[in-house]
There are 2 protein chains.
Amino acid sequence: MRRIAPLFLFLTACPPAAVQRIGGLPEVPPVPGSPARDFACQLADQVGPRLAGSPGDAKAVAWAVEKMKELGLSNVRAEPVKVLRWERGEAAAEITAPFHRKLLVAALGSSESTPAGGLEAEVVRVSSLDELRALPDERVKGRIVFFDKVMERTISGEGYGKTVDVRSRGALEAEKKGAVASLIRSVGTSEARFPHTGNMRKAGIPAAALAIPDAEVLRRAVQSNQGPVRLRFSTTSRFAGEAESANVIGEVPGTAKPDELVVLGAHLDSWDLGDGALDDAAGVGVVLELASRAVERPLPRTVRVVLWANEENGLKGAAAYAAQHVAEAPKTVAALEVDSGAGRALAVQYNGGPQAEAAMQPLAAPLAKLSLGLAADSEAGGADSGELDGVPLLHISQDNSRYFDVHHTADDTCDKIVEEELAHVVGVGWLLTQHLAQPGVDLGRRPLPKKP
Amino acid sequence: MRRIAPLFLFLTACPPAAVQRIGGLPEVPPVPGSPARDFACQLADQVGPRLAGSPGDAKAVAWAVEKMKELGLSNVRAEPVKVLRWERGEAAAEITAPFHRKLLVAALGSSESTPAGGLEAEVVRVSSLDELRALPDERVKGRIVFFDKVMERTISGEGYGKTVDVRSRGALEAEKKGAVASLIRSVGTSEARFPHTGNMRKAGIPAAALAIPDAEVLRRAVQSNQGPVRLRFSTTSRFAGEAESANVIGEVPGTAKPDELVVLGAHLDSWDLGDGALDDAAGVGVVLELASRAVERPLPRTVRVVLWANEENGLKGAAAYAAQHVAEAPKTVAALEVDSGAGRALAVQYNGGPQAEAAMQPLAAPLAKLSLGLAADSEAGGADSGELDGVPLLHISQDNSRYFDVHHTADDTCDKIVEEELAHVVGVGWLLTQHLAQPGVDLGRRPLPKKP
């Protein structure tokens, strides 16, 4: 999950409830007996970690193909995707002065190894990229930069977007000033002792995330006035060449307009530290349940489930799908990507052409009845569906207040998914799916983003 | 921390507020600028894990001696204690059927190793010792018993006492029925993925605790009806002979009755997975601050700080102190042991002879003003002070609602200590200390427990 929609804008801007109801559109409370969590937990428990190109990833592809067939989807297939395989290896860190203290760390995705045996250097602590940039180079050269930037907990999860720059670009910026390594305070909200991994732009120096309690030990060491703080750091992480992965695809053919597609997507890969339960087995569970409902109650247009490969560290699955299916893009009515954890639904955003607002308006009343907003948002969508040229994108904002406690950590396990909350997302997703699958519902084309 | 006092009995039974105030007894709100947390964090951060007999334990002894001297205590010394050193080694577990899944485990203290290379067997799940006892032996023989007993979260922490029997005696009971190993769901309240260690009675089969999310994976595997669940388990934990540790002791000599002692105690050792911040650096911080206050405002009787060795897995420090200081027991007015985490104070319990109630009564009003109960409790006290024959024991009940989220896990780190909450315990402890250090305050002798 990467994109955080500015949720509250929509909640306050939601349209009045007195809007015409369209025929056959049910009110959708949370779904009792929803199997979405079971699907997610099977993937999380029985496949577990599934970083792109790893053995777990291959297991996930096999699981998904099998599951789609079991649920009665048609045209089930794994479409091959070449990915760059990154291997975590082992990472360790230790304060060596003014006292000795091991620190829990996890290498950041795309980090290269330290020299064999690790490196040791003095620490320079900054709280942001700007603070680093303002330092004279000689304060940084030969040192380990410690980015001590604190993520704020909010229901929208917007704290993530405001903090993640130190993970994405910290190593690159530190390298420019001559640093030998970059360590960040984990970009997360839990005080529990789990380093949060995640991807970064490739840099010439290695980088890792400290568990938050360990980042706080390091902060106290820096602030204790006991003299310079030195740290030993090693990681054997590395790129291990190309590997094979796959997008897994299945369909429920439309009864009236089988060539018109509604795409329901989530990503099948996960980070390697935990089970990827919230990120994104939960999304996989939701779209599989939606497809299974469509199998039971066929819809006029075709519903296509796409489980993308390699969302976490390369987006090669999304790029491959977009390229291989470019001819279908004009016939793809919309894509709903579910990749925001397992919290309850709060609002729906969409985009498309000028006609999108009118096309979505029939959903305003049933959503408002569920206390959910509905609003146009040119940035709605997710990392994978964003690759689809011109296809209108839908996004269900979910309660993210606890998502970043476990996101990208070893603690991302199935027990964190609350059945009723995920079922609520299914309920809203089913409302959207049924509507989008009606012939004639036309959101137009999403304007392509301006190239920078 | 081992003993959980039945707190709410006392809160409702606290005496009316209209009680005579004794001279010079201040009202004690939380202490602003209390250094207790800083002391605790120094021990947690800069010494870290300190299992009895380990290098960290020796570092802790040196730290405590130094700290007591720095704070101006007198007669500071480390009194040698022989301990049995237990080493964790490496532990691993994996479901091997009906699917493959690694499980996070930590060996239980006193567990011996598995055979080299580990063992593999079918799992039999029970939710209590009684459920195990009711099983026919052939259902257990040759299998791994999985104790899936859930601890309840309460402010008193009483759920711990109700659940910990599977940790203490599970392996012994499983062994009686021919099991090859015992695995428990961690005795804790957090859903975060940390195995909770702790001591067990020595048994002939190895034992470990599963992180709660992993115990839930195992439960789902058992309940999934996919066939028998098999598990591979290995641990290299073992006893590594006798080692040297020490009780660290320091005093603030009384101005009027230097031979009459008030003992303030906590334990210096910790489990090895985390930093032992709440268990029990917090208690160490509290009693060091109390002693430091006594240095600044000397009291009529002597205040003795005792930092016991080896509370967690042997109680050899408490036994050694009790034996070496048996002659001082009649002159020990009372002992206050602080080993209940870092939550705010809720009530005070005490015991002693028939005169104890009258002796403690002057504290009722100032405590009631702070909304704290005061009550006699024959079981007040803690694991270490309980060894002191006849000495009246005091206990400050603390808010334990979050304590068992981190207790005995890797997550027991200094960031979990809230300064104001620990300062509140200091405030109450100072009220008790001043009172007990007045000449003539006499709680009598605590009756010895009946031998079973």
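Letters A, B, ... mirror the listed sequences (proteins, then strands); counts begin at 1.
Salt-bridge check for B:R220 with A:D45: passed, with a basic side-chain N closer than 4.0 Å to an acidic carboxylate O. With respect to the salt-bridge test (charged N to carboxylate O, under 4.0 angstrom), the residues B:E66 and B:K69 do not qualify.
For B:H196 and B:F404, the distance between ring centers is not under 6.0 angstrom.
Within the 4.5 Å cutoff, the side chain of B:Q398 has no heavy atoms near those of the B:H424 side chain.
Using a 4.5 Å cut-off between heavy atoms, B:K102 makes no contact with chain A at all. Using a 4.5 Å cut-off between heavy atoms, B:E216 contacts chain A through its side chain alone, with no backbone atom that close. Contacts between B:A211 and chain A at a heavy-atom distance below 4.5 Å are absent for every atom of the residue. Proximity to chain B (any heavy atom under 4.5 Å) is shown, for A:A221, by neither the backbone nor the side chain.
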